[in-house]
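I have placed the structure first, in the form of structure tokens, so that the comments after it can refer back to it.
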Amino acid sequence: MSAAEVPAGEAFPYPAGPGGTVPPQYARLLVEDPVSRVRLADGEHIWLVTRDADVRTVLTDPAFSRYQAAVLPGRGFGRGQGAGIVDLDPPRHTALRAPIAAGFAPERVARWSPRITAIADELLAGLAGATGPVDLVADYTAPFAGRVICELLGFDGASWPRITGDIEALLLAGGAEDERTEACRARLGEAFAELLAARRERPADDVATVLLGLDEPASGGQHLTDEQRTTLLHGLVISGFIGVRDLLARHLFAVLAEPKHRERLAAEPELVPRAVAELLRYYPSSNDGLLRLATRDVELSGVLVPAGAAVLPLVSAACRDPRTVDRPDILDLDRDPVPNPGFGAGPHHCPALDLAVVQLTTGLGRLLAHHPDVTLAVPAGEVRHTADLLPLGVAALPVRLGAGA
């Protein structure tokens, strides 16, 4: 069977749905054209894969190479990269992933959890008494994500605006080079070098120490070069700051956009972990997986994907596959957790999943504990969702904090 192709005038990616949700086209693709060939804005063609089982195949089957897709010419969906850990295939990927997995091991995250809660509480206490609207992105999710990732990597938490600011500037530049981006790279290189030098002298309970192999030599950290360590630290700031900042903001928007959700979770805080599991399905950590290249012919949902095809696993579509979840377009906080590929699968499954869940649970739970009456300061339809970086963002989330706790 051959793949369907979307109409010639409709280029991928498609606009988001209401409230920054998945594009409406995904519902049709899931039912009618689960494996389809689409045109990008630059004229290139890729194959979209939407169903849960097929997305997992693309993410786990070595027939789909991430590296060969990363070195394809062009920009977007991970093309033209080939430098970071997410752009590699095993065994090169495995050698770099092992120390990261050790750095974010569950027992380590458990030790960090009280500090993560303390950071959230400190930020929220600082918002108490605000008489006007507060932007939860600028005043809460950004400093929360920035301080947590910087401290856990080994930086002084106060350095988060400088470190994350340079990272974000480079991402927004989209590969363009000028005096500003050169200065950002130089500052980041110096910051990472200073961190590694400091941890060589004074090991600590942080990721930099693990990457040096000074905490858990069996993790493989001692076999890395400083260039590799710097590349890993750079990537961890991106995912730990921008990823968590924007994902938490979208989760907070979803809860506050429906007052019944906010009221229920404020009254029953023990339900927050279940709510986060459902929010991660409804607003997953990524709209799309990264592009893969098929190294041989592979059949998906009865469609033959030919060798050499560039294939994009649509993670957010898979999270709404009616074959795996009932009423997939409904945010149901009472739903039993639904296994989904929102944090990837196979070799590229997120090694910091436990940390992300702790941060999202803490970020939502502590907000409602401090400010149970928090409400949006604008109609939900006026909140602007953005795809500037990781197609996950909320530009600003203005709220009124209410009487507080």
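Here the structure is a predicted model, which is why all the values come from computation and not from measurement. Numbers here are sequence positions counted from 1.
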For Thr324 and Asp321, does a side-chain donor sit closer than 3.5 Å to a side-chain acceptor? no
NZ/NE/NH1/NH2 to OD/OE distance under 4.0 Å, Asp54 and Arg51: no
Please step through ring-ring contact (aromatic ring centres under 6.0 Å, His included) for the pair His93 and Tyr67, ending with a clear verdict. CA-CA 10 Å; His93 171 268; Tyr67 175 74; over 10 Å; no
If you measure from the Lys or Arg side-chain nitrogens to the Asp or Glu carboxylate oxygens, is any gap between Arg281 and Glu278 under 4.0 Å? yes
Considering only NZ, NE, NH1 and NH2 on the basic side and carboxylate oxygens on the acidic side, decide whether Arg108 and Asp206 come within less than 4.0 Å. no
Please verify the inter-ring angle class for Trp160 with Phe241; under 30° counts as parallel, over 60° as perpendicular, anything in between as tilted. tilted
Below 4.0 angstrom, N of the basic side chain to O of the carboxylate: do Arg292 and Asp61 qualify? no
Looking at Arg56 and Asp52, does any basic side-chain N land under 4.0 Å from a carboxylate oxygen? yes
If I compare all heavy atoms of Ile330 with all of Arg335, which pair ends up nearest, and what's the gap? O-NH2, 2.9 Å
Pairing of Asp336 and Arg274 as salt bridge, 4.0 angstrom limit: yes
Aromatic ring proximity, centroids under 6.0 angstrom, His251 and Tyr282: no
Test of understanding: with ring-ring contact (aromatic ring centres under 6.0 Å, His included), list the residues that count as partners of Phe343, not counting sequence neighbours. none
Does any pair with a residue in residues 142-153 pass side chain to side chain donor-acceptor pair (under 3.5 Å), and if so which ones, sequence neighbours excluded? Arg115-Glu151, Glu122-Arg147
Pick one: which of Arg187, Arg180, Arg185 meets salt bridge (Lys or Arg N to Asp or Glu O under 4.0 Å) with Asp166? Arg187
Tell me whether the rings of Tyr140 and Phe144 are parallel (<30°), tilted (30 to 60°) or perpendicular (>60°). parallel
